[in-house]
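First up is the structure itself, then whatever we jot down about it.
For clarity, every value in this text was computed on a predicted model and none was experimentally measured. Numbered from 1 within each chain, the chains take letters A, B, ... in sequence-line order.
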Number of protein chains: 2
Amino acid sequence: MARAKFLNSTDAVNTIINEAIPRFAKAGFSGVSMRDIAKAVDISTATLYHHFPDKQTLYLRSMAQAFADKAEGISTVLAEKGTPQQRLTKFIARFTKLMSQDSHFRILLQRELLDGDETRLRLLAEQVFQSQFANVAELAKELAPNCDAHLMAISIAGLVLFHLETTPLRQFLPGGHAEHNDPDVIAQHVTMLLLKGIKGCG
Amino acid sequence: MARAKFLNSTDAVNTIINEAIPRFAKAGFSGVSMRDIAKAVDISTATLYHHFPDKQTLYLRSMAQAFADKAEGISTVLAEKGTPQQRLTKFIARFTKLMSQDSHFRILLQRELLDGDETRLRLLAEQVFQSQFANVAELAKELAPNCDAHLMAISIAGLVLFHLETTPLRQFLPGGHAEHNDPDVIAQHVTMLLLKGIKGCG
DNA sequence: TTATGTCTAATGAACGTTCTATATATAATA
DNA sequence: TATTATATATAGAACGTTCATTAGACATAA
């Protein structure tokens, strides 16, 4: 092979995807050109096209990789013992930390919610969220046997994610402080709100 | 003027913006071309450029218009009398209905949270959300005097908005039903959760 | 006459993609 | 082992398209 840059094709593909993920997260599908990605990996666009048939495929593979990385990390959080309250508290703490640590995953998720077609959303739901979502829903059932577990699981995730989503905006809203972006602060607030309602928060 | 298509420049500008808003909401800034917009209004791109100096300006004006439309609608919801609980219930019901009725506003908001620069986010915060956000925060203070009103106001908005955001995804998640997209169902769930916590939901 | 609204046509840049060539590794063969 | 053939990884250059934007002309209202 000509002046090999990578160990093999798999290495090349992984390197490309790892460079592509943060770029797609930051700028979206149409905000990143194949030339940009090629330049970032220091290969020609022709070489990039040797490894991926087209941009859409590269995007899908990047998305799948970003999601696969995280799906693994979330999967064992709820398996531990404890009262439902304890397990909820622990889940929220870990989920918040996970989502704020690596923003690529969260931002790609938001982009998919905005622009994803049915195929990509189904993939996302079934291969990334489904099992963990079911666990959270089950936990909700333990805490409130007659509640709508689906609605409740969405609410739990939404509380955490919306605080992270609004990070760039909240500094301009009344009472906004940097500490409101601290995952621990968010997690504690969300946990309290879920377990006790507004009145229980002070 | 040559074969006048509009009553005057203001009419032209408004017509263009009204065509642009849903397009920018659906496809984002880079997903809509000036050609597309010109075609939609049945004018040439040159004419479009006669009314707007560049694409960025057209986008900003469209955004500002979409936001101004809604800011008005939200502004008087909390002025009414009643117990804090009653006012919260009413606010959530109206906010949910408003946000689900016209999705352009909500989607543009989501896009700004993803891609908005500091200038646009500040504009959004100060000219659209600030006063109403303060009202919600104040209401939270009435319900829980020692709580962090900023965090609470974000949580309230987030609960509603996240349910709407996840509309295209929830059908693929366990327990998802069409009725979960009903604004009344969402509002009732959110209100209950806020006032009573998870346990109060069943 | 002058300012305004409109058009056709063009410009230059960026983009996704492909053509063609070449250097290297691997496998088959003598 | 030495030689040849094949497949793979790479790059330079170009193609065709679309894009934002502009130049210049023309028509009409004031």
Distance criterion of 3.5 Å, no angle test: do you see the side chain of Arg35(A) paired donor-to-acceptor with the base of dA14(C)?
no
Compile the donor-acceptor pairs under 3.5 Å between side chains in residues 97-105 of chain B and protein atoms, sequence neighbours left out, one pair per line.
residue   : atom : partner   : partner atom : Å
Ser100(B) : OG   : Thr96(B)  : O            : 3.1
Ser100(B) : OG   : Lys97(B)  : O            : 3.2
Asp102(B) : OD1  : His104(B) : N            : 2.9

Expected output is a numbered-order residue list: members of residues 23-34 of chain B with a heavy atom under 4.0 Å from any atom of DNA chain C. What is it?
none
Could you check how far CG of Asp11(B) sits from C1' of dT4(C), rounded to whole Å?
15 Å
Round to a whole Å and report the spacing from CG of Asp36(B) to P of dA20(D).
8 Å
Of dT10(D), dG16(C), dT21(D), the nucleotide closest to the side chain of Lys55(B) is dT21(D)
Sort and list the pairs that fulfil salt bridge (charged side-chain N to carboxylate O under 4.0 Å, His left out) and have at least one residue in residues 6-17 of chain B, not counting sequence neighbours.
none
Whole angstrom is fine here: how far is it from CZ in Phe6(B) over to C1' in dG5(C)?
10 Å
Spacing between Leu7(A) atom CG and dT8(D) atom P, to the nearest angstrom
18 Å
Residues at least two apart in sequence or cross-chain that pass salt bridge (charged side-chain N to carboxylate O under 4.0 Å, His left out) with Arg120(B), listed by chain then number, are Glu112(B), Asp117(B)
For Lys5(A) and dA11(D), give me the distance from atom NZ to atom C1', rounded to whole Å.
9 Å
Which pairs, with at least one residue in residues 146-164 of chain A and sequence neighbours excluded, count as a side-chain hydrogen bond (donor to acceptor under 3.5 Å, both in side chains)?
Asp148(A)-His180(B), His150(A)-Arg170(B), Ser155(A)-His163(B), Ser155(A)-His189(B), His163(A)-Arg170(A), His163(A)-Ser155(B)
Residues in contact with DNA chain C, drawn from residues 38-54 of chain A - heavy-atom cutoff 4.0 Å
Thr45(A), Ala46(A), Tyr49(A), Asp54(A)
For residues 125-134 of chain B, the salt bridge (charged side-chain N to carboxylate O under 4.0 Å, His left out) pairs (sequence neighbours left out) are Arg122(B)-Glu126(B)
So, Asp54(A) versus Thr57(A): side-chain donor-acceptor pair below 3.5 Å or not?
yes
By salt bridge (charged side-chain N to carboxylate O under 4.0 Å, His left out) - contacts of Glu138(A) (at least two apart):
none
Please list all pairs passing the salt bridge (charged side-chain N to carboxylate O under 4.0 Å, His left out) test where one or both residues lie in residues 13-28 of chain B, with sequence neighbours left out.
Glu19(B)-Arg23(B)
